[in-house]
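Read through the structure below, which is laid out as structure tokens, and then see the notes.
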Amino acid sequence: IIDMRGPQARVVTNMEHLNTLQKEEHMEDATPMPELQHNLRLIVDLAEANIKQTDAKVFQEKDTVVILGKEQERLRAEVDKRATQLAHVEEIEDIILRCKENVDSNSPA
């Protein structure tokens with residue numbers, strides 16, 4: 001029989017020894033309801049691990065937000081640069097068209 005009522009599992013070969021071992025343990029450890037305290041300790045440890053894991057995720061998400069914000073700023077600057085370049089190309093195209101119109105209007109047909 002495996003006794004899993006305490007913090008450590010024990011193999012018990014006789015049911016009579018089960019209660020004897022439990023009584024001996026109570027004499028050694030004067031804490032009331034050690035099984036309950038053990039279970040509570042496990043619950044607290046699990047909750048603490050969950051909190052730490054959530055905190056790590058929040059920290060990672062904050063880092064991601066910062067990185068994405070910087071990337072957004074870089075892309076906006078790139079868009080502004082490309083818009084300026086496009087405006088310059090359009091101006092050059094207008095100048096070329098006017099020059100062509102002038103050449104066409106001044107040339108003998």
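Note that the structure is a prediction, hence the values are computed from the model and not measured. Starting from 1, each residue takes its place in the sequence as its number. For the numbers below, each heavy atom of this structure counts, side chains included, while hydrogens, waters and symmetry mates do not.
The side chain to side chain contact (heavy atoms under 4.5 Å, CB included) check on Gln72 picks up Arg76, with sequence neighbours excluded. Scanning for side chain to side chain contact (heavy atoms under 4.5 Å, CB included) contacts around Arg82 gives Glu78, Gln85, with sequence neighbours left out. Take Glu71 and apply the side chain to side chain donor-acceptor pair (under 3.5 Å) test, not counting sequence neighbours, and it matches Arg74.
Pairs of residues two or more places apart, or lying in two chains, never qualify as salt bridge (Lys or Arg N to Asp or Glu O under 4.0 Å) while including a residue from residues 88-107. Applying the salt bridge (Lys or Arg N to Asp or Glu O under 4.0 Å) test to pairs two or more places apart or on separate chains, none has a residue in residues 56-65.
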With a cut-off of 3.5 Å and sequence neighbours excluded, list every side-chain donor-acceptor pair involving residues 47-56.
{"from": "Glu48", "atom 1": "OE2", "to": "Lys52", "atom 2": "NZ", "distance (Å)": "3.4"}
{"from": "Thr54", "atom 1": "OG1", "to": "Asn50", "atom 2": "O", "distance (Å)": "2.9"}

